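These numbers come from a predicted model, not from an experiment.
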Amino acid sequence: MSKITGATTAAVAALILTMAFAGAASAQNVKNAEAAKIKNPVKSSPESIAAGKTAYGKYCKFCHNEDGTGNGALAPKDTHPPNLVDAAWDHGSTDGEVFTSIKDGIGPKFDMKPMKAKMMDTDIWNVVNYLHSIAKK
C-alpha cells in the first residue's frame, strides 16, 4: 500500500508543480517564449526608473500617452496603442518581451516602429524598468 501512496503522492506533487508553473506563466502573460528568456541586465533602481521615464518621454509618450494609457496625440491614424499601465500586456509582460517589442517593433504592420536605431539597449532596458514601475500589479 505504501507504494501506491508514494506514487499517488508523487503524482499529486507533479500536478501541483505543473499548475504552479502554468500559473506563473499566465501571471507573467508570456506571449513570446524566446523573448521571455532574455534577462534584464539593468537592475531596476530609482536611477534606472528615472532614466527610463526620461527616455519614455522622449520616444514613447507621443503614441502611448504621458501616463502610459495609450492613444497618445501622435499615434498613427486608426491605431490603438496598448495601455502600458493596466494588468493586460498585449505582447507579453516579461522584461525580455517588453524589451523585444520596443527594440524590434510590433508587426505585422509595424504601427509600433522598431526603436533599435534610435535607442541604445540600456535606454530600452531603463524604459522596461520604468514601465514595470508604473504598471498595475
Side-chain angles (χ1 to χ4, degrees):
M1 181 110 173
S2 65
K3 280 188 172 184
I4 294 172
T5 304
T8 303
T9 302
V12 170
L15 179 62
I16 290 170
L17 283 174
T18 301
M19 290 171 46
F21 284 123
S26 65
Q28 286 274 323
N29 190 22
V30 173
K31 303 284 183 158
N32 179 339
E34 284 303 306
K37 294 176 186 175
I38 300 170
K39 300 299 177 206
N40 187 340
V42 177
K43 184 177 186 234
S44 184
S45 66
E47 295 79 18
S48 171
I49 291 168
K53 181 177 183 177
T54 299
Y56 178 90
K58 184 175 180 180
Y59 297 107
C60 311
K61 75 175 184 180
F62 306 104
C63 294
H64 290 282
N65 224 345
E66 182 80 36
D67 61 2
T69 56
N71 292 321
L74 299 180
K77 186 177 178 2
D78 297 324
T79 66
H80 303 284
N83 181 331
L84 302 174
V85 296
D86 65 2
W89 289 71
D90 297 341
H91 304 285
S93 64
T94 67
D95 285 2
E97 289 172 302
V98 176
F99 174 85
T100 300
S101 293
I102 296 169
K103 184 171 183 162
D104 296 338
I106 299 172
K109 293 178 11 184
F110 288 96
D111 290 327
M112 167 71 184
K113 303 284 186 238
M115 298 304 289
K116 59 186 163 196
K118 295 181 179 183
M119 297 175 74
M120 295 178 61
D121 284 359
T122 301
D123 295 325
I124 297 172
W125 286 118
N126 287 329
V127 170
V128 170
N129 290 336
Y130 169 68
L131 292 176
H132 284 306
S133 79
I134 63 171
K136 291 182 182 168
K137 308 292 186 251

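The distance from the SG atom of C60 to the CG atom of L131 is 7.0 Å, given to the nearest 0.5 Å. Atom CG of residue D111 and atom NE2 of residue H80 lie 10.0 Å apart, to the nearest 0.5 angstrom. Note that OG1 of T100 is 10.5 Å distant from NZ of K116, once rounded to the nearest 0.5 Å. Remark: S44 OG to I49 CD1 distance equals 3.5 Å, nearest 0.5 Å.
Within the 3.5 Å criterion, the main-chain N or O of A75 finds no donor-acceptor partner in the side chain of T79. Between the side chain of N65 and the backbone N or O of G68, no donor-acceptor pair lies under 3.5 Å. Judged purely by atom type and a 3.5 angstrom limit, K113 uses its side chain to pair as donor or acceptor with the backbone of F110. With hydrogens and angles disregarded, no donor-acceptor distance shorter than 3.5 Å links the side chain of N32 to the backbone of H91.
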**Study point:** Test side-chain contact (heavy atoms from CB on, under 4.5 Å) applied to K103 and M115, step by step
**Key:** CA-CA 5 Å; K103 184 171 183 162; M115 298 304 289; over 6 Å; no
**Study point:** Evaluation steps, side-chain contact (heavy atoms from CB on, under 4.5 Å), between W89 and V30
**Key:** CA-CA 9 Å; W89 289 71; V30 173; over 6 Å; no
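Among all heavy-atom pairs drawn from M119 and I124, the shortest one is CB-CG1, 3.8 Å. Heavy-atom minimum distance, N71 versus P81: OD1-CD, 3.3 Å. Closest of all the heavy-atom pairs between D67 and I134 is O-CD1, 4.4 Å. For N126 against S48, the heavy-atom pair with the smallest separation is OD1-OG, 2.6 Å. Heavy atoms only, all atoms of each residue included: K39 and P41 are closest at O-CD, 3.2 Å. Smallest separation of non-hydrogen atoms from V98 and G92: CG2-O, 3.8 Å.
For the pairing with H132, the side-chain hydrogen bond (donor to acceptor under 3.5 Å, both in side chains) check across D95, N40, T94 returns one residue only, D95.
A ring pair (Phe, Tyr, Trp, His ring centres under 6.0 Å) check over residues 38-79, counting only residues at least two apart or in different chains, returns the pairs Y56-Y130.
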